[in-house]
There are 2 protein chains.
Amino acid sequence: MALDTYDKIMMLAKRRGFLYPSYEIYGGSAGFYDYGPLGSRLKENLENLWRSYYLLKDANVEISTPTITLYDVLKASGHVDEFTDLTVDCEQCQTSFKVEDIIPDDQTVEQAIAEDTITCPECGSKLTDAHPVNLMFATKIGIGKTRDAFLRPETAQGIFTGFHLLYRYAREKLPFGVVQLGKGYRNEVSPRQGPLRMREFSMAEAEIFFDPENKTHELFDEVKDHELYLYDNVNEMKISMQNAVNDGIINNQALAFYMYLTQSILLEAGIDPEKFRFRKHADDELAHYAQECWDAELFSERFGWVECVGIADRSAYDLNAHITASKTDMYALRRYDEPKKVTKKQIIPKMNVLGPEFKQHAGKIKEQLEKMDPETIQEPIQLSIDNEQIEIPAHCYEIEEVTTTVPGDKFVPHVIEPSYGIDRILYCLLEHSYKEGTKNDEEYHMLSIPANMAPVTVGVFPLTNDKKLITLAKSIDRTLRENHVFTTYDDGGSIGRRYARMDEIGTPFCITIDFDSLTDAQVTIRDRDTTDQKRISIDDVPKFIQTELSKK
Amino acid sequence: MALDTYDKIMMLAKRRGFLYPSYEIYGGSAGFYDYGPLGSRLKENLENLWRSYYLLKDANVEISTPTITLYDVLKASGHVDEFTDLTVDCEQCQTSFKVEDIIPDDQTVEQAIAEDTITCPECGSKLTDAHPVNLMFATKIGIGKTRDAFLRPETAQGIFTGFHLLYRYAREKLPFGVVQLGKGYRNEVSPRQGPLRMREFSMAEAEIFFDPENKTHELFDEVKDHELYLYDNVNEMKISMQNAVNDGIINNQALAFYMYLTQSILLEAGIDPEKFRFRKHADDELAHYAQECWDAELFSERFGWVECVGIADRSAYDLNAHITASKTDMYALRRYDEPKKVTKKQIIPKMNVLGPEFKQHAGKIKEQLEKMDPETIQEPIQLSIDNEQIEIPAHCYEIEEVTTTVPGDKFVPHVIEPSYGIDRILYCLLEHSYKEGTKNDEEYHMLSIPANMAPVTVGVFPLTNDKKLITLAKSIDRTLRENHVFTTYDDGGSIGRRYARMDEIGTPFCITIDFDSLTDAQVTIRDRDTTDQKRISIDDVPKFIQTELSKK
């Protein structure tokens, strides 16, 4: 059977140390991968690139919250009830399947269920009783008296639950954004698609809080002529951000700006622009919290267009949910130019009367009276206190006009959320950079990863095993590392073979130290993409590399 | 009640955005913290400093493996059986306690149990039945047919289980090291001590694999005169690495080198050298896997000497455990200069005889025969196949002399493990950097964090709210961010107050843009520690900051 691109990438990834299936020595476990030495560096380079856009270009702040999340948080956010997959179980072979994965090709999930056409892909049994299964990993906090918890399905909730603190950090100004990078978890029913559908994955999410009356972005004007690659489920188009917003294709500036940021990051990371597009969610596919959503999709030969980033307008959904569930004040304030004096009638309980008359209930009665609007009460006032109906005579309170100073209007901010699936982007990056062919009658592979993304920046080779060459090569290798350049020192095999090894992992530069180097203090530097070689002075090597890395 | 340093640090940490107790809006949950915007940056700066030592100075590689770990892995590693705390439960108030936390001050755990003196700190009931409780968070992978798993108690196992792949990546040369940074989990019975004892924490671990016959380090000679601060449980001493190894105080060069690396990282990060020492584990406190262990301890005013890094010689413990449990070849090879031809006798089963005579057992018989050593067998050979004793007649096999080429001796590498508790180091760093006093009759706080560790490098202030100043200040702020410098733009309150805010979070530099700046293109830059101010050209600002940051 011929290998497809996916097979080739995954073989290269394992052979060279990008990705290993986890726990192979114990039979493996679907949906888990180890990032090897090269994969881990590539991932870190991508995350640092991401940070340079989200923390430095767009000055958001980063936080880091626990992966173990209290039940209460995810109940309020809707995940306990809605983070599910429709599942069927085969009683014959004791396996569970996600309905979507095993319906006949020509049917929708609804049709397959209505027409009863689902059969077990393992044993052929007829499968019925499709039911939603929650996809969160459950655990318990503590010993004895435990508390229910889950591994977080997204990093976002850690931002929402701290909104009141973060808003204070931002000195109560909107818009402001908070990002988080880290693990997310999803206990897939039966994960397929390798690194595209993992049970434990890496995310980078940003939650940018806006006044719902003002979803503009400070930097929009500077970039409004940039073109975005859009797909509205019918046509693909290239359209300027300005026009997309003006024509209502994209709802607001803020959403468009974060699409622009996403496109910039992905293309700078090395994603093929021909295999990149934004697709708008149809109304019936929007998540339970989303008002408008665009996916950045990357094309993969085996899997087609793959959702790698979702940029959603989550409106006030999450903050509202946590305000309701936790009763915490998580409102923002739209300040007036000058604080306003507002005069209104208010009920003033008389504690010296309530106390003797209602004893232990007096405190609660006071609390309830103060909350009531004197304009709408019906006297005598009836209150329900500790499940008891109590009538409050008029001599227990007064109604007075009270003037207070109000600094502004309270409201619940809206949030724009760009959410990146790091592992998916990395897989697509490998696929898009992969080139193959033959060289000197041998199979030849290359990853054309951009220089500042490559896991190893420089290969350092002594021409032969001569001790002087080795000493000089090791000293150059060390100088580069002291300059924060990741290198691989390699003295094994022919130079051609060493070049080939470096090309296969995407190393942009190789330096060869030869016998002339010992006298002229120069080395040969070879460019991966052009295979051009030139001599440069050893002293200039670090500077040369830095200059190349800062090119885009 | 007077606040102690811990209280003050934790209040500052929450007020200014370093650390927030997690899930406060849902009543909180002990043992979990959110890293706020400043804490998150500080943490990242520490991790990057760590990486610069472990990946660039000492050229190890980094990997990243799942936090969800199969039962099999942690059964083999000993964690299922030995990662426990001795616990008592109070039936009266339904709370569980770690015995160590609640014994009388003058007793050991053993004494308290023997003399039955443990009482519930909540309700005073007598507590008996102390029993070990496993401290791993449990979960299940999959739906229906599930697999038991835990959240990893350490990142190390992810390195050991991939050793055979990583050894191949290192082209089968020793020593080589693999590091991992990420979350670890420990379901503490009743966590106290804030960020010093978390249920979900951040670790940075390195596993350096050595040939047990050669625990030297390539860079040892360069640094052997450096002095380490050691404490052998009796005396504190300052001693050179060379002498410590020669005198047998530290077992080998490799262990000493990673202690040196640890000391360098912690002091560069800003730990007070007066509050730093290495303490050797007494024999009876060594972990189940350790042969020799040194803790880097940092002094905290409330908690005393706190273990923040453990540097252990784990010998071959873990690899042996996984070889035994998984039957995988995880050996290393000590190559001969030339491969050796080795001639030895071998049993050659005759399948054409075994097949007809033993039918379905023939395959297993062949397998067992081939593993036997002809020098030590007793004929007739007795085998146990599928719980059946079977005698194998001599005509079923031959004994022949076979010559094979052997490239070297196989052995299980030893491992030196420096393991860092990132959260503990960060807390101690805050405590060690904290300074307080009064300034203009107001309370004044400062964090004297080293410049390249500070969460914000530069505060940028327009002198007044004049639009021209604001525009210029924002443009300088932006230029700095484009140069990868983290800034805080602040136009609120007097300059003095803005300086104070920046001092409190440890910002080393503040730039003020005043009306002169509009004409002379210069700004005032103020140093946190000296409070010296000087004028520099706006164009020189990024360069000035870079130069300051590269000073150590």
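Here is how names work: the chains are called A, B, and so on, in the same order as the sequence lines, proteins then strands, and each is numbered from 1. FYI, side chains are in, hydrogens and waters are out, and symmetry mates aren't considered; it's all heavy atoms of this structure.
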Practice item. Please report the shortest heavy-atom distance between A:G28 and B:R147, naming the atom on each side. Key: O-NH1, 2.7 Å

**Study point:** Side chain / backbone / both / neither for B:K327 at chain A, heavy atoms under 4.5 Å
**Key:** neither

**Study point:** Contacting region of B:S190 [heavy-atom separation from chain A under 4.5 Å]
**Key:** neither

Review point. Which residue out of B:G31, B:G144, B:G158, B:P37 racks up the most heavy-atom pairs below 4.5 Å with chain A?
Key: B:P37

**Study point:** Segment of A:V133 engaging chain B (4.5 angstrom heavy-atom cut-off)
**Key:** side chain

Check your understanding: If we only count heavy atoms from C-beta on, is the B:R171 to A:D490 side-chain gap below 4.5 Å?
Key -> yes

Check your understanding: Of the backbone (N, CA, C, O) and the side chain (C-beta and beyond), which part of A:V485 lies under 4.5 Å from a heavy atom of chain B, both, or neither?
Key -> backbone

Practice item. Find out whether B:L70 and A:F32 are in side-chain contact, i.e. whether some heavy atom of one side chain is under 4.5 Å from a heavy atom of the other. Key: no

Review point. Are A:Y26 and B:H322 close enough that some pair of their side-chain heavy atoms sits under 4.5 Å apart?
Key: yes

Check your understanding: Closest approach of A:G36 and B:I63, non-hydrogen atoms and distance?
Key -> C-CG2, 3.9 Å

Check your understanding: Given that the side chain runs from C-beta out, which part of B:R186 has a heavy atom under 4.5 Å from chain A: side chain, backbone, both or neither?
Key -> neither

Point to revise | Contact origin within A:T69 toward chain B - heavy atom pairs under 4.5 Å | key: both

Practice item. Counting only heavy atoms closer than 4.5 Å, note whether A:K98 contacts chain B via side chain, backbone, both or neither. Key: neither

Study note, to complete from the structure: If you tally heavy-atom pairs under 4.5 Å between each of A:A325, A:G492, A:P191 and chain B, the highest tally belongs to A:A325

Exercise for review: Inspect the surroundings of CD in B:E482 and state if more than 12 heavy atoms from other residues, nucleotides or ligands are less than 6.0 Å away.
Suggested key: yes

Review point. Just wondering, more than 12 heavy atoms not from B:Q546 lying within 6.0 Å of its CD?
Key: yes

Revision key, fill the gap. Highest number of heavy-atom pairs under 4.5 Å with chain A among B:T488, B:L165, B:N483, B:D477 belongs to B:L165

Exercise for review: Report yes if some heavy atom in the side chain of A:I141 is under 4.5 Å from a heavy atom in the side chain of B:R199; otherwise report no.
Suggested key: yes

Study note, to complete from the structure: Bottom line for A:A149: the part with an atom under 4.5 Å from chain B's heavy atoms is neither

Practice item. Enter the distance from B:K43:NZ to A:E62:CD here, rounded to the nearest 0.5 Å. Key: 8.5 Å

Point to revise | Heavy-atom proximity to chain B below 4.5 Å, by part of A:R168 | key: side chain

Exercise for review: Under 4.5 Å heavy-atom distance to chain B, tell me which part of A:K140 shows up: side chain, backbone, both or neither.
Suggested key: backbone

Review point. What residue in A:N60, A:T161, A:T87, A:L135 has the most heavy-atom pairs under 4.5 Å with chain B?
Key: A:T161

Review point. What option among B:T139, B:L166, B:V61 has the most heavy-atom pairs under 4.5 Å with chain A?
Key: B:T139

Exercise for review: Go through the atoms of B:K75 and report whether side chain, backbone, both or neither lie under 4.5 Å from a heavy atom of chain A.
Suggested key: neither

Revision key, fill the gap. Heaviest contributor of heavy-atom pairs below 4.5 Å to chain A, chosen from B:F486, B:F201, B:Y489, is B:F486

Study note, to complete from the structure: Rounding to 0.5 Å, atoms CG (B:L151) and OH (A:Y185) come to a distance of 6.5 Å

**Study point:** B:L219, part contacting chain A, at a heavy-atom distance under 4.5 Å
**Key:** side chain

Check your understanding: Are A:R478 and B:E222 close enough for a salt bridge, meaning some N to O gap below 4.0 Å?
Key -> yes

Point to revise | Most contacts with chain A, counted as non-hydrogen pairs under 4.5 angstrom, among B:M198, B:R51, B:K14 | key: B:R51

Exercise for review: For the residue pair B:D34 and A:P66, establish whether any side-chain heavy-atom pair is separated by less than 4.5 Å.
Suggested key: yes

Exercise for review: Output the distance between atom OH (A:Y23) and atom CD (B:Q157), rounded to the nearest 0.5 Å.
Suggested key: 10.0 Å

Check your understanding: CD1 of B:I68 to CG of A:N187: how many Å apart, nearest 0.5 Å?
Key -> 7.0 Å

Exercise for review: Pick one of side chain, backbone, both or neither for A:A30, based on which atoms fall under 4.5 Å of a heavy atom in chain B.
Suggested key: neither

Point to revise | Heavy-atom contact with chain A under 4.5 Å, split by part of B:K474 | key: side chain

Practice item. Under 4.5 Å heavy-atom distance to chain B, tell me which part of A:E200 shows up: side chain, backbone, both or neither. Key: side chain

Check your understanding: Side chain, backbone, both or neither: which part of B:C93 has a heavy atom under 4.5 Å from chain A?
Key -> backbone

Check your understanding: Using non-hydrogen atoms only, which part of B:E44 is less than 4.5 Å away from chain A: side chain, backbone, both, or neither?
Key -> side chain

Exercise for review: Examine whether an atom of B:V178 lies under 4.5 Å from a heavy atom of chain A, and if so say whether it belongs to the side chain, the backbone or both; otherwise answer neither.
Suggested key: neither

**Study point:** Heavy-atom proximity to chain B below 4.5 Å, by part of A:Y20
**Key:** side chain

**Study point:** Engaged part of A:S22 at the chain B interface, taking heavy atoms whose separation is under 4.5 Å
**Key:** side chain

Practice item. Decide if atom CD of A:E122 counts as having more than 12 heavy atoms of other residues, nucleotides or ligands within a radius under 6.0 Å. Key: yes

Check your understanding: OG1/B:T487 to CG/A:L56 distance, rounded to the nearest 0.5 angstrom?
Key -> 8.0 Å

Point to revise | Heavy-atom neighbours of B:R15 CZ exceed 12 at 6.0 Å | key: yes

Practice item. Counting only heavy atoms closer than 4.5 Å, note whether B:V189 contacts chain A via side chain, backbone, both or neither. Key: both

Point to revise | Segment of B:T328 engaging chain A (4.5 angstrom heavy-atom cut-off) | key: side chain

Check your understanding: What pair of heavy atoms forms the shortest contact from A:L55 to B:R481, and how long is it?
Key -> O-CD, 4.4 Å

Review point. Any idea which heavy atoms bring B:T65 and A:K183 closest together, and the distance?
Key: O-NZ, 3.7 Å

Point to revise | Engaged part of B:T67 at the chain A interface, taking heavy atoms whose separation is under 4.5 Å | key: both

Review point. Would you say A:Q94's side chain and B:K145's backbone share a donor-acceptor pair under 3.5 angstrom?
Key: no

Practice item. For each of B:V179, B:D89, B:T95, B:V73, tally heavy-atom pairs with chain A at distances under 4.5 Å, and name the one with the top tally. Key: B:V73

Practice item. List the atom of B:Y169, the atom of A:G17, and the distance in Å for their closest heavy-atom pair. Key: CD1-CA, 4.3 Å

Review point. Between CD1 of A:I143 and OG of B:S96, what distance do you get to the nearest 0.5 Å?
Key: 7.0 Å

Practice item. Heavy-atom distances under 4.5 Å only: say whether B:M330 touches chain A with side chain, backbone, both or neither. Key: side chain

Review point. Given that the side chain runs from C-beta out, which part of B:N134 has a heavy atom under 4.5 Å from chain A: side chain, backbone, both or neither?
Key: backbone

